[in-house]
**Student:** 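Quick one: structure below, then a few questions.
On a predicted model such as this, the values are computed, not experimentally measured, just so you know. Quick note on labels: first sequence line is chain A, next is B, and so on, each numbered from 1.
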There are 2 protein chains.
Amino acid sequence: MARQVSPALRPHRVTAADVARKAGVSRSAVSRAFTEGAYLDKDKRAHILQVAAELGYRPNALAAGLQGRGRSNLVAIMTGDLVNHYDGEILARMIRQLTAIGKWSFVLSAGGEMPEADVTGVLGFPLDAMILRGGSVPDDVVAHCAKLKIPLIVSGRILEGPGIDSVCCDNARGAAMAVQGLIAKGRRRIAYLGGQADLTSDRERRKGFLDAVRAAGLEPAAQVDGDYSFEGGFAAARALLSSHPEIDGLFCANDAMALGAQAVATGELGRSVPENLSIIGFDDIAMARWPMIALSTIRNDMDMTVTQIMRLLTARLKDPEAPSQTIRTAPEFIARGTH
Amino acid sequence: MARQVSPALRPHRVTAADVARKAGVSRSAVSRAFTEGAYLDKDKRAHILQVAAELGYRPNALAAGLQGRGRSNLVAIMTGDLVNHYDGEILARMIRQLTAIGKWSFVLSAGGEMPEADVTGVLGFPLDAMILRGGSVPDDVVAHCAKLKIPLIVSGRILEGPGIDSVCCDNARGAAMAVQGLIAKGRRRIAYLGGQADLTSDRERRKGFLDAVRAAGLEPAAQVDGDYSFEGGFAAARALLSSHPEIDGLFCANDAMALGAQAVATGELGRSVPENLSIIGFDDIAMARWPMIALSTIRNDMDMTVTQIMRLLTARLKDPEAPSQTIRTAPEFIARGTH
DNA sequence: AAAAACTATGCACACGTGTTCATATAGGCG
DNA sequence: CGCCTATATGAACACGTGTGCATAGTTTTT
């Protein structure tokens, strides 16, 4: 009985050589048994696969990925805080789609900041691509990916550069839709409740808001910054509506903040929605259509976004040198009960 | 000028040999430069690291993980549908904690069923561990992991077996707390709105509910099954409250269903909560504490759960042969406005 | 001064796979 | 039979890394 040298630090994963020995074939044959379309006797393959199943063997994906040929099938997804419902819902869809085409997803999630060590660490893997979802991403990610020639797919903002593709909602048009929705309901003193002002999505929505308001011959009643969270919207709306009680229409840069604003307005401040205050959000998260919520909002279609991400990804993998693409998805006004 | 044979199928990632050549040292030295505590001249290391930075080199994690020594630092997380807010929030916390201790997270997310191909596929990687979060998981996962000696950490249900550790809320006690909370408010005709009846968590909560009701000298007014979703709770509560209008207290197996029940009760059915109907949920998702929601619920503490998962994981990695552990986390009654 | 301990460094091996290459066998066709 | 093609198979290599081993140089201890 052989004495084990290293006491099961890793319990000796079954290897192709083990299968070959037990099946009485060469190691090459075992490898071929798992390779579609390789020359191998039909009965022999069946025998090998059976022995492999008995031993619980499966090819080590690390060793396979080490091969220069072909791709590693590894993808990294950097996303924001998943307490944000939009990010959570879209992440689930992305993972499912990626798994469906045989890619494995490393997920990195940041509550606020993403340590550089994490970013550079995951780049230690020969990734097929990296997907950036959401706004705040350290700039060095872009530089690192460029240096390593790792394709970058960005969603939720537009990023320029070789090997970088972007898909993003037409934020300005969405914001304009919201403004028009408010005006159609007779609102004239309209305010903007923004997200982090340093994010592209916020800048675009803000600009779309301002342009649309002025195009209607009005002036914005106020602008204030939140942080894309329920709590941030709650606090910002309290300050805003207290100092500007004349406001009768509020466009919020995302749904979470819109719900926070509604909560503080109808609760603490005694306003009623939509009787004397209209609120419109952005994104159309699942909650927004709950009857008790019934939030009027601008749909930032998740299925369309994920579809486009996958399209860009496969195209980029097919031709890494292709010119960058930027896709703008169309927003849609969803009228419910808060405006 | 050298002609490239394969036209950038993978753009020749910079390798340790490249760095060694340019820095005028051996390849071993390069490897040692990136290894903490290895014997290497201080200046030499600095020089190597600088050259590496210029070339954009970083050690290939695949090749490193292939080494028998040490661990692969790969962890797979199988989770349910992330539209479920509890799953989403806890996933974000897990990923952050895992990243903090140097583990990379493969995430597999299922909306309902998880294809067996995905499960066996990810097991092609020499995982340090696999984390099952949530209820419905194909049984073969357990068999596969056992065969490959991959540690299994289960959260949200209890699973028995060698190398399997579990952490789960004390569901029965939580359900009993809810019942007592309802009774303390004078409710006597109390019903149970369950999740999928085949899930451990639902069975335990149901049993805790029944035992507590009977211990109080009452009989349950009704029991009905939902599916842990808002929509499922909505539909189930509509049927339940229509056929049993006498019900004055409702314990729901999770928060999402409780919100669905509240929506249909206060909307369509004209009930008022908590005046003539008390509702208590389970989990305490972030939304539950929003002022407009103010859901009374049983907290299934996420931070505590994740802490325990990490504790079990590190313990298991330290000693793979240690006996299985099962941790029950303590529920807590959070009284808000719906009961 | 001798011995011992520590530091520094290159060579060679191991990790587990996919695949090329050479070789061997079988089958179709003149 | 002789030629060509299609199929089958094992040996050998490449992927990129970490580290054991042997050796040499340097400092500390006896």
**Student:** Where along residues 46-54 of chain B does a heavy atom come under 4.0 Å from DNA chain C, residue by residue in number order?
**Tutor:**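 Close to the strand, none.
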
**Student:** Show the distances under 3.5 angstrom between N or O atoms of the protein and N or O atoms of nucleotides 22-27 of chain C.
**Tutor:**
none

**Student:** For the CG atom of Leu313(A) and the NZ atom of Lys103(A), what is their distance to the nearest 0.5 Å?
**Tutor:**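 Here the interatomic distance stands at 7.0 Å.
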
**Student:** Where the side chain of Ser28(B) is concerned, which of dC11(C), dC15(D), dT17(D) is the nearest nucleotide?
**Tutor:** dC11(C)

**Student:** Check the phosphate of dG18(C) against Ser31(A), side-chain N and O only, distance under 4.0 Å to OP1 or OP2. Yes or no?
**Tutor:** yes

**Student:** Assess whether side chain to side chain contact (heavy atoms under 4.5 Å, CB included) is satisfied between Arg311(A) and Gln308(A), documenting all intermediate values.
**Tutor:** CA-CA 5 Å; Arg311(A) 216 175 53 75; Gln308(A) 294 297 338; 3.0 Å; yes

**Student:** What nucleic acid atoms does Phe34(A) come within less than 4.0 Å of, heavy atoms only: base, sugar-phosphate, or nothing?
**Tutor:** nothing

**Student:** Would you name the heavy atoms of Ala23(B) and Val51(B) that are closest together and state the gap between them?
**Tutor:** CB-CG2, 4.0 Å

**Student:** Roughly how many Å is it from OH in Tyr57(B) to C1' in dG18(D), rounded to a whole number?
**Tutor:**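 Distance, rounded to whole Å: 10 Å.
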
**Student:** Please report the interatomic distance OG1(Thr79(A)) to CG(Leu91(A)), rounded to the nearest 0.5 Å.
**Tutor:** 5.5 Å

**Student:** How far apart are the closest heavy atoms of Ser166(A) and Arg157(A), and which atoms are they?
**Tutor:**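 Closest heavy-atom pair between Ser166(A) and Arg157(A): CB-O, 3.8 Å.
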
**Student:** Arg71(A) CZ to dC15(D) P: how many Å, rounded?
**Tutor:** 17 Å

**Student:** Quick one: CG on Asp301(B) to CD1 on Ile90(B), what's the gap to the nearest 0.5 Å?
**Tutor:** 9.0 Å

**Student:** State, to 0.1 Å, how close Gly80(A) and Ser109(A) come at their nearest heavy-atom pair, and which atoms those are.
**Tutor:** O-OG, 3.3 Å

**Student:** What's the spacing between Ile158(B) CD1 and Asp165(B) CG if we round to 0.5 Å?
**Tutor:**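 One gets 10.5 Å once the value is rounded to the nearest 0.5 Å.
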
**Student:** Holding to salt bridge (charged side-chain N to carboxylate O under 4.0 Å, His left out), I want the full list of residues that pass it with Lys22(A), two or more places apart in sequence or in another chain.
**Tutor:**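 If we apply the salt bridge (charged side-chain N to carboxylate O under 4.0 Å, His left out) test to Lys22(A), skipping adjacent residues, the hits are Glu54(A).
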
**Student:** Who are the salt bridge (charged side-chain N to carboxylate O under 4.0 Å, His left out) partners of Asp303(A), not counting sequence neighbours?
**Tutor:** Arg93(A)

**Student:** Looking only at heavy atoms, which two atoms of Leu123(B) and Arg13(A) are closest? And how far apart?
**Tutor:**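 Result for this residue pair: O-NH2, 3.2 Å.
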
**Student:** Whole-Å distance between dG18(D) C1' and Asn73(B) CG?
**Tutor:** 14 Å

**Student:** Could you tell me which non-hydrogen atom of Pro126(A) sits nearest to which non-hydrogen atom of Asn60(B), and how far apart they are?
**Tutor:**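 Where Pro126(A) meets Asn60(B) most closely, the heavy atoms are CD-OD1, 3.6 Å.
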
**Student:** What is the distance from atom CG of Leu55(B) to atom NZ of Lys147(A), rounded to the nearest 0.5 Å?
**Tutor:**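 Between Leu55(B) CG and Lys147(A) NZ, I get 7.5 Å after rounding to 0.5 Å.
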
**Student:** Which protein N or O atoms sit under 3.5 Å from an N or O of nucleotides 5-9 of chain C?
**Tutor:**
unit_1	atom_1	unit_2	atom_2	d
dT7(C)	OP2	Tyr39(B)	OH	3.0
dT9(C)	OP1	Lys44(B)	NZ	3.2
dT9(C)	OP2	Asp41(B)	N	3.1
dT9(C)	O5'	Lys44(B)	NZ	3.3

**Student:** Closest nucleotide of DNA chain C for Ala63(B) versus for Val25(B): which of these residues is on the 5' side?
**Tutor:** Val25(B)

**Student:** In terms of the nearest nucleotide of DNA chain D, which residue is placed more toward the 5' end: Arg27(B) or Gly24(A)?
**Tutor:**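 Result: Gly24(A).
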
**Student:** Rounded to whole Å, how long is the line connecting atom CG of Leu66(B) with atom P of dC15(C)?
**Tutor:** 9 Å

**Student:** Between P on dT7(D) and CG on Asp43(A), what's the gap in Å once rounded to a whole number?
**Tutor:**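 Result: 16 Å.
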
**Student:** Within this structure, what is the CZ-to-P distance between Arg45(A) and dT7(D), rounded to whole angstrom?
**Tutor:**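 Checked: the CZ to P distance equals 13 Å.
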
**Student:** Between atom CG in Leu74(A) and atom C1' in dC15(D), what is the gap in whole Å?
**Tutor:**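 About 15 Å, once rounded to whole Å.
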
**Student:** Atom CG of Asn60(A) and atom P of dC15(D): how far apart are they, to the nearest Å?
**Tutor:** 18 Å

**Student:** Yes or no on side chain to side chain contact (heavy atoms under 4.5 Å, CB included) for Ile77(B) and Ile95(B), after CA distance, side-chain angles and deciding distance?
**Tutor:** CA-CA 9 Å; Ile77(B) 303 176; Ile95(B) 290 175; 4.3 Å; yes

**Student:** For Thr15(B), answer base if it contacts any base atom (sugar-phosphate contacts may also be present), sugar-phosphate if it contacts only those atoms, and nothing otherwise; contact means non-hydrogen atoms under 4.0 Å.
**Tutor:**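 Counting heavy atoms under 4.0 Å across all strands, the contact made by Thr15(B) is with sugar-phosphate only.
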
**Student:** Based on the rotation axes of five pairs at each end, what angle does the helix from dA1(C)-dT30(D) to dG30(C)-dC1(D) bend through, to 10°?
**Tutor:**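 About 40° separates the two local helix axes.
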
